[in-house]
2 protein chains.
Amino acid sequence: MPLRPTDAEHIRHLSFFRASTDATFDKAIAGGFLQKFPAGTTLLMEGDTVDFLYILLEGSVELGAGWKSKDTTLAILRPVSTFILAAVVLDADALMTAVTLERSEILMVPGESLRRAMKEDAEFCFAVSEELSGCYRGLVRSIKNHKLRDSTERLANYLLTQRARQGGKIEIVLPHEKRVLASLLGMTPENLSRAFLKLQAQGVTVDGARVRLEKVTALERLARPSPLIDNHFAQPRNELGKAHTERQKGLLDGKGSA
Amino acid sequence: MPLRPTDAEHIRHLSFFRASTDATFDKAIAGGFLQKFPAGTTLLMEGDTVDFLYILLEGSVELGAGWKSKDTTLAILRPVSTFILAAVVLDADALMTAVTLERSEILMVPGESLRRAMKEDAEFCFAVSEELSGCYRGLVRSIKNHKLRDSTERLANYLLTQRARQGGKIEIVLPHEKRVLASLLGMTPENLSRAFLKLQAQGVTVDGARVRLEKVTALERLARPSPLIDNHFAQPRNELGKAHTERQKGLLDGKGSA
DNA sequence: CGTTTAGTTGAGCATGCTCAACGGTCGTGG
DNA sequence: CCACGACCGTTGAGCATGCTCAACTAAACG
């Protein structure tokens with residue numbers, strides 16, 4: 001569908017469009033459209049030429065990559081996230097495959113429109129640069145998480161991140177299937193099970209998708225969350241509260257762009 | 001030193017300054033200066049506030065990070081590379097520590113100057129976005145390299161990348177100490193030794209820093225280099241030959257920015 | 001009901017790490 | 001000039017983390 005004005009107004013307040021002028025906004029999304037995809041749809045394969053910037057508005061999307069019959073998950077996105085921004089800016093091929101995990105609603109913006117708007121409006125271009133920088137730092141965090149922590153530590157920190165995001169309650173709900181979570185955390189489903197068992201000593205009990213964290217301090221002592229890796233610490237916001245704009249999310253369950 | 005005009009003219013042609021106007025260039029590097037550092041100097045620790053964009057002109061710099069008494073190398077930079085660009089754009093704290101590996105010459109540009117120039121000149125801002133996008137994609141490649149390949153495969157691909165960069169000769173020279181190389185490839189020095197031994201079957205012989213690749217096809221069969229991971233494939237350049245600008249380097253021995 | 005799929009549990013294995021010892025090289029200082 | 005020490009690189013032995021493969025359970029779905 002060719003993007004109704006009401007949708008446009010909604011999108012207007014998302015991501016790096018917030019700060020743009022009406023004229024730039026119209027230019028940037030010229031030719032854009034909203035589309036719904038069922039679960040399991042491959043939006044883009046690594047190596048494909050990228051014609052659109054994708055903005056996930058509903059559902060969830062997995063970014064992954066493969067080599068020699070191996071596959072790995074690089075990120076899982078939830079709304080509102082852009083993806084493959086970097087490839088769009090460079091007009092280059094995708095480095096990651098994007099697949100919907102659930103029925104998803106996605107705004108597709110022609111790369112050419114976005115690049116033109118960037119080149120004509122420095123304010124807007126700077127906002128896109130901020131978005132790109134946030135994506136970059138999300139990746140750096142993700143690498144540090146994987147190279148410096150073992151699988152149990154990654155799970156512990158993931159649980160604490162979810163806790164912070166879900167309001168600090170004693171019980172959290174896992175937002176993904178455990179197999180997907182395992183892949184996101186860089187382990188096999190078998191090892192995720194075993195990691196949960198190990199965390200029983202830190203007061204973690206599991207019942208399906210519901211996880212209770214009874215001894216948060218013990219869990220934190222093992223997890224040692226750090227603002228230089230995890231992204232669930234209080235975000236500095238400027239006076240207007242319009243986020244300065246590194247994202248709330250980090251990359252583990254965060255955002256990406258190829 | 002406060003950046004002599006001759007140096008400025010030299011820098012003028014580097015990185016994302018190439019396409020900028022004189023006025024923007026002057027604005028961007030206002031207050032910048034050139035500085036030399038001995039080997040082993042810590043330029044920046046993770047968590048520090050970032051006041052300058054760094055541009056490496058001579059020498060080499062390691063970007064690393066630590067957690068709970070573990071440390072890891074994220075990238076090794078060679079000239080000409082920017083680093084911590086993303087932190088500068090967001091005016092945020094550094095996520096990585098930067099240390100000189102050799103005596104190095106580095107241009108330091110005040111973040112405020114750079115940001116102001118970006119906000120006033122859309123062309124320039126777009127060029128910085130392209131740089132950021134290249135950094136981002138370098139990181140994606142690095143993650144894929146680490147998650148999809150074992151240590152021997154990473155070494156094999158590293159050797160092929162060096163071969164391509166050094167002109168395809170039968171003998172290449174390792175540009176770093178083996179301990180540094182090991183860290184870059186995500187393994188211990190001990191395992192790097194053993195990985196070299198394994199590659200003897202593929203015609204790889206080592207004599208100090210000099211490595212001979214006698215059976216390149218056998219090595220390639222094991223390494224299976226891919227344009228979606230490695231960055232040593234022919235770069236598409238536009239008619240003007242002015243690189244479209246994803247970098248020649250990739251991130252393994254490439255570029256980064258926090 | 002049978003079938004399928006997610007999740008768990010166990011056994012064995014592989015990759016990579018730690019720790020220790022040793023050889024070689026280089027730079028310093030006697 | 002030589003002796004010593006520091007450090008890089010290599011090699012070996014043992015260990016740990018995480019993976020594979022297989023069996024089994026439970027819930028979902030036709």
Side-chain angles (χ1 to χ4, degrees), chain A residues 39-40 60 62 66-73 76 101-102 145-159 173-201 204-211 222-223, chain B residues 38-40 60 62 66-73 76 101-103 145-159 173-201 204-211 222-223:
Chain A
S60 61
E62 178 194 28
W67 181 75
K68 250 192 185 183
S69 81
K70 265 182 207 161
D71 280 286
T72 188
T73 299
I76 293 173
L101 290 176
E102 325 163 25
N145 191 41
H146 280 274
K147 289 184 78 166
L148 295 170
R149 290 171 172 162
D150 68 24
S151 61
T152 308
E153 290 167 339
R154 290 199 296 276
L155 174 59
N157 278 289
Y158 175 83
L159 294 176
V173 178
L174 302 177
H176 313 289
E177 281 183 346
K178 290 213 184 78
R179 51 193 358 274
V180 173
L181 178 57
S183 177
L184 179 63
L185 292 174
M187 49 181 149
T188 56
E190 294 94 319
N191 271 335
L192 178 60
S193 273
R194 291 188 255 264
F196 271 121
L197 285 185
K198 284 188 201 164
L199 291 182
Q200 279 180 3
V204 175
T205 54
V206 185
D207 172 31
R210 302 184 322 172
V211 179
L222 184 151
Chain B
S60 62
E62 178 194 28
W67 180 75
K68 251 193 187 182
S69 80
K70 265 182 207 161
D71 280 286
T72 189
T73 299
I76 293 174
L101 291 176
E102 325 163 25
R103 172 176 174 74
N145 191 40
H146 279 273
K147 289 183 78 167
L148 295 170
R149 290 170 172 162
D150 68 24
S151 60
T152 308
E153 289 166 339
R154 290 198 296 275
L155 174 59
N157 278 290
Y158 176 83
L159 294 175
V173 178
L174 302 177
H176 312 289
E177 281 182 345
K178 290 214 184 78
R179 51 193 2 274
V180 174
L181 178 57
S183 178
L184 179 63
L185 293 174
M187 48 181 149
T188 56
E190 294 94 319
N191 271 336
L192 178 59
S193 273
R194 292 188 256 265
F196 271 121
L197 285 184
K198 283 188 203 166
L199 291 182
Q200 279 181 2
V204 175
T205 54
V206 185
D207 172 30
R210 301 185 323 173
V211 180
L222 184 150

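Note that the structure is predicted; figures quoted are calculated from it, not measured.
Of the two residues near DNA chain D, Gly208(B) and Asp150(A), the one whose nearest nucleotide lies more 5' is Gly208(B). For Glu177(B) and Arg194(B), each mapped to the nucleotide of DNA chain D holding its nearest heavy atom, the one lying further toward the 5' end belongs to Glu177(B).
The side chain of Arg179(B) lies closest to dC8(D), out of dT9(C), dC17(C), dC8(D). Closest to the side chain of Asn191(B), out of dG16(C), dG9(D), dC21(D), is dG16(C).
A donor-acceptor pair under 3.5 Å is formed between the side chain of Lys178(A) and the backbone N or O of Gly208(A).
Atom pair His146(A):NE2 and dT17(D):P shows a separation of 18 Å (rounding to whole Å applied). Between the CG atom of Asp207(A) and the C1' atom of dG7(C) there is a distance of 13 Å, rounded to whole Å. Taking atom CZ on Arg210(B) and atom P on dG9(D), their separation rounds to 16 Å, with Å as the unit. To the nearest angstrom, P of dG18(D) lies 6 Å from CZ of Arg154(A). In this entry the distance linking NZ of Lys178(A) with C1' of dT25(D) reads 14 Å, nearest Å. Going from atom CZ of Phe196(B) over to atom P of dT11(D) covers 12 Å, rounded to whole Å. Atom CD of Glu190(A) and atom P of dG7(C) are 12 Å apart (whole Å). Rounded to an integer number of Å, the gap from CG of Leu155(A) to P of dT8(C) is 11 Å.
Closest heavy-atom contact between Lys147(B) and Thr73(A): NZ-O, 3.1 Å. Here the closest non-hydrogen pair linking Ala39(B) and Leu101(B) is CB-O, 3.5 Å.
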List the steps and the verdict of side-chain contact (heavy atoms from CB on, under 4.5 Å) for Lys68(A) and Leu148(B). CA-CA 8 Å; Lys68(A) 250 192 185 183; Leu148(B) 295 170; over 6 Å; no
Run the side-chain contact (heavy atoms from CB on, under 4.5 Å) test on Leu155(A) and Lys198(A) for me, step by step, so that the C-alpha distance in whole Å, both residues' side-chain angles and the decisive distance to 0.1 Å come before the verdict. CA-CA 10 Å; Leu155(A) 174 59; Lys198(A) 284 188 201 164; over 6 Å; no
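The phosphate of dG16(C) (OP1 or OP2) has a side-chain N or O of Ser151(B) nearer than 4.0 angstrom. Regarding contacts with the backbone of dG9(D), every side-chain N or O of Ser193(B) stays at 4.0 angstrom or more from both OP1 and OP2.
Leu192(A) comes within contact range of no nucleotide atom at all, as no heavy-atom separation falls under 4.0 Å.
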